[in-house]
Amino acid sequence: MSKNCIIYFASQHADLLPPLVRRLKTSHGLDTILVCRDMRELPANDTSKFDYGLFKQILCYDSILEATHVIDSNESLKIADRCARIEESLGASPLDIMRTDRHVGIGFVSGARFLRSSYGGRVNYLGSLDIVIRLCEFFGNLIDEARPVFVITTYSPLAGASLFAVAEGKGVPARWPITAKVGKKMFWTYDRSLVPPQICKTFRRLTSELNTKAPVQLGTPYGAAQVNSAIPTQTSYASLAQALVRVLRRGVILKLQGRYQSYGNYYVGAQVRHIISKWLWRRRAVSLAPVAPNLPDSLPFVFYPLMIEPESSLMCEVQEADNQLTVIDWLCKAVPAGWYVLIKEHPGRTSARPASFWERIRSYPNALVATPFETAEAFINRSRAVATINGSIGIQAAVGGTPVIAFHRNYLGNVMDHVVFAGNYEETRQALRTIAKEDGAEAKERRIRNGAAFHAALEECSFSIEHEGLLLGIATGTPVPQSDIDALVESLLDETSVEGMAQVSR
């Protein structure tokens with residue numbers, strides 16, 4: 001039996017990797033093969049506790065990413081045939097893998113004007129597909145040789161998504177640790193929809209066991225709360241100066257190292273413009289008068305909080321429904337007559353949206369726009385329903401007993417009866433009519449019981465974590481407590497976390 005595992009290096013887990021790999025080896029006899037873009041991406045082992053000797057092998061894929069020529073359109077048929085063979089063997093489209101990436105797939109993002117990439121500008125569409133194909137071949141050979149028990153990798157960016165697709169296609173469990181939406185907890189995902197294992201089974205059991213009439217307040221997810229609290233301080237002139245200095249210093253260093261146009265980098269000028277634009281937007285946004293106090297109490301509306309773009313929650317997890325203007329169009333046209341659709345920008349917005357995006361929204365006579373820094377709670381309880389593609393606000397609303405329309409087939413909240421999946425305009429219309437009719441006390445009590453059971457199931461399907469960096473998704477350079485390592489390894493190797501998982505969709 002194989003005694004190998006493969007781990008894709010991500011900088012946010014630099015603190016976690018050494019103790020995790022050490023525990024897998026000493027307690028379970030598993031050797032780790034680390035894959036990274038470049039050895040320079042790894043922490044320096046003379047200034048940290050990142051021990052290179054822990055790994056059985058360290059493999060770099062940077063040479064595959066560094067495509068230097070633009071593939072001519074005359075080769076399009078050849079590329080298409082190679083893509084078809086990859087899709088047939090793995091069940092994953094190279095185009096879907098390409099779409100997860102902010103450099104070569106950014107053209108598929110419809111709701112944001114993201115900064116230009118010094119890497120993406122050197123590779124055209126066919127060249128990008130060629131890179132994905134070669135990444136899949138590279139990871140396919142690696143998995144065939146290593147025969148890993150599992151692979152730890154995210155479903156983005158380009159290399160991570162390729163490894164994930166290859167592992168899934170070859171029947172190797174692909175896992176990734178993410179923060180749960182309840183307290184200081186995490187769980188290992190088992191597919192790119194990022195749902196915890198056994199959530200459906202646990203929810204069904206707890207639905208029959210729990211009987212509560214008090215709504216559960218899920219609150220803001222741990223990481224989001226920390227990020228949101230820092231936003232007002234990022235409107236100062238000092239924060240702008242610090243951000244610009246960091247970008248300019250990094251640009252000079254990369255230029256001197258000859259890595260300016262390598263994968264992962266952006267034009268310095270584009271970054272400067274991006275930082276200034278984001279700073280100006282935040283200063284304007286915090287000065288806007290709130291909308292919630294002026295909304296009539298009797299106003300019937302559906303609340304749609306916008307999602308950040310570009311972001312993995314749309315680009316990777318829900319590629320079949322990643323156009324926010326489309327779902328807003330469905331909502332505005334499908335709500336019962338006399339209802340409104342209230343749209344709010346995400347407070348952590350990272351990129352400006354095209355002017356046409358907001359022009360289209362404001363053209364609907366039944367669309368209202370809230371200010372970005374108003375709390376979601378100001379609208380959730382007053383709304384007739386919350387609509388979302390893949391956002392955490394939908395979970396927060398559903399747990400509290402508010403009906404939710406989800407446009408993602410495998411949305412985490414879909415296990416609850418009052419979270420209704422809508423895949424097209426007609427299904428959106430039907431869902432809204434059903435919600436309009438089910439507005440009595442009995443329906444509210446049923447939704448509250450469902451929300452309480454879901455909250456308890458999410459608690460049960462995740463494990464406690466104390467390390468601040470793991471919860472926030474950043475490397476802090478501080479040791480990871482042994483209790484966190486024990487929880488991560490125990491859950492990862494638990495038989496129920498590896499086999500027999502049911503999809504979330506109903």
Side-chain angles (χ1 to χ4, degrees), residues 96 99-100 108-112 155-156 181 189 191-195 199-200 221 301-336 339-346 349 353 357 360-361 364 366-370 376 379-380 383-400 402-436 438 447 450-451 454 503-506:
D96 287 346
R99 288 170 56 200
T100 69
F108 293 99
V109 174
S110 60
Y155 194 65
S156 69
K181 299 182 187 298
T189 67
D191 67 9
R192 67 185 178 100
S193 298
L194 302 190
V195 295
I199 186 69
C200 296
F301 66 89
V302 176
F303 178 42
Y304 181 80
L306 286 165
M307 299 181 66
I308 295 176
E309 294 186 71
E311 190 58 64
S312 61
S313 53
L314 286 181
M315 294 179 72
C316 309
E317 300 161 32
V318 56
Q319 290 184 333
E320 72 277 9
D322 61 353
N323 192 317
Q324 298 194 85
L325 276 179
T326 297
V327 300
I328 290 172
D329 183 70
W330 293 348
L331 289 168
C332 288
K333 293 175 179 176
V335 290
W339 286 32
Y340 291 80
V341 179
L342 191 146
I343 298 129
K344 187 178 88 71
E345 178 62 279
H346 197 290
R349 190 205 77 166
R353 300 188 190 275
F357 185 93
R360 183 68 189 117
I361 287 175
Y364 294 105
N366 58 349
L368 303 173
V369 178
F379 303 107
I380 289 176
S383 67
R384 301 295 294 271
V386 170
T388 185
I389 297 177
N390 194 30
S392 60
I393 297 299
I395 301 296
Q396 181 179 344
V399 166
T402 300
V404 173
I405 300 173
F407 299 98
H408 177 18
R409 187 177 300 277
N410 290 327
Y411 184 55
L412 175 60
N414 283 5
V415 295
M416 291 178 274
D417 293 339
H418 58 289
V419 179
V420 183
F421 166 69
N424 53 48
Y425 168 79
E426 185 56 36
E427 290 176 358
T428 304
R429 185 181 182 86
Q430 291 174 4
L432 287 164
R433 295 304 181 276
T434 300
I435 289 170
E438 294 184 352
R447 295 196 297 265
N450 267 258
F454 176 84
Q503 289 292 324
V504 165
S505 58
R506 289 179 278 133

Ala422 and Ile405: which non-hydrogen atoms are nearest, and at how many Å? CB-CG2, 3.9 Å
So, does Asp417 use its side chain to make a donor-acceptor pair with the main chain of Arg447 at under 3.5 Å? no
Test side-chain contact (heavy atoms from CB on, under 4.5 Å) on Tyr411 and Thr388 and set out the steps. CA-CA 9 Å; Tyr411 184 55; Thr388 185; 3.7 Å; yes
If I compare all heavy atoms of Lys181 with all of Ser392, which pair ends up nearest, and what's the gap? NZ-CB, 3.6 Å
Just how far is it from atom OG of Ser110 to atom CZ of Phe357, taken to the nearest 0.5 Å? 7.0 Å
Euclidean distance, Phe108 CZ relative to Arg99 CZ, rounded to 0.5 Å: 7.0 Å
Pairwise distance CD1(Ile328) to CZ(Arg360) - rounded to 0.5 angstrom: 10.5 Å
Least distance between heavy atoms, Met315 atom then Pro310 atom: SD-CB, 3.4 Å
Pair Glu317, His408: side-chain N/O donor-acceptor within cut-off below 3.5 Å: no
Determine whether a donor-acceptor pair (N or O, by modelled atom type, separation under 3.5 Å) exists between the side chain of His418 and the backbone of Ala398. yes
Enter the distance from Glu427:CD to Leu432:CG here, rounded to the nearest 0.5 Å. 12.0 Å
So, Arg353 side chain and Gly111 main chain: donor-acceptor pair closer than 3.5 Å or not? yes
Look at the aromatic rings of Trp330 and Phe407 and report parallel, tilted or perpendicular, splitting at 30° and 60°. tilted
Is any side-chain heavy atom of Ile343 closer than 4.5 Å to a side-chain heavy atom of Leu306? yes
Is any side-chain heavy atom of Val302 closer than 4.5 Å to a side-chain heavy atom of Leu342? no
If you draw a 6.0 Å radius around CZ in Phe301, do more than 12 non-hydrogen atoms from other residues or ligands fall strictly inside? yes
Flag the pair Gln324 / Tyr304 as yes when at least one side-chain heavy-atom distance between them is below 4.5 Å, and no otherwise. yes
Closest non-hydrogen atoms of Val386 and Ser383, given as atom of the first, atom of the second and distance, are CG2-OG, 3.8 Å
Please confirm whether the backbone N or O of Ser313 pairs with a side-chain atom of Asn390, one donor and one acceptor, at under 3.5 Å? yes
Taking atom types as modelled, is there a side-chain donor on Tyr425 or Asp329 under 3.5 Å from an acceptor on the other? no
Using side-chain heavy atoms (C-beta onward) and a distance below 4.5 Å, is Asn366 in contact with Val335? yes
Using every non-hydrogen atom in the two residues, find where Ala431 and Val420 come nearest and quote the distance to one decimal. CB-CG1, 3.9 Å
Quick one: does any side-chain atom of Glu309 pair with a main-chain N or O of Ala112 as donor and acceptor, under 3.5 Å? no
Output the distance between atom CG (Leu314) and atom CD (Gln319), rounded to the nearest 0.5 Å. 10.0 Å
Evaluate side-chain contact (heavy atoms from CB on, under 4.5 Å) for Asp191 paired with Tyr155, printing each intermediate quantity in order. CA-CA 9 Å; Asp191 67 9; Tyr155 194 65; over 6 Å; no
Tell me whether Thr434 contacts the main-chain N or O of Gln430 through its side chain, where contact means a donor paired with an acceptor under 3.5 Å. yes
Atom pair CD1/CG of Ile199 and Asn414 - distance to nearest 0.5 Å: 12.0 Å
What one should report as the nearest heavy-atom pair of Ala334 and Arg429 is CB-CA, 3.8 Å
For residues Ile380 and Phe303, determine if any side-chain heavy atom of one lies less than 4.5 Å from a side-chain heavy atom of the other. yes
Determine, step by step, whether Thr189 and Val195 satisfy the side-chain contact (heavy atoms from CB on, under 4.5 Å) criterion, reporting the C-alpha distance in whole Å, the side-chain angles of both residues, the deciding distance to 0.1 Å, and the verdict. CA-CA 6 Å; Thr189 67; Val195 295; over 6 Å; no
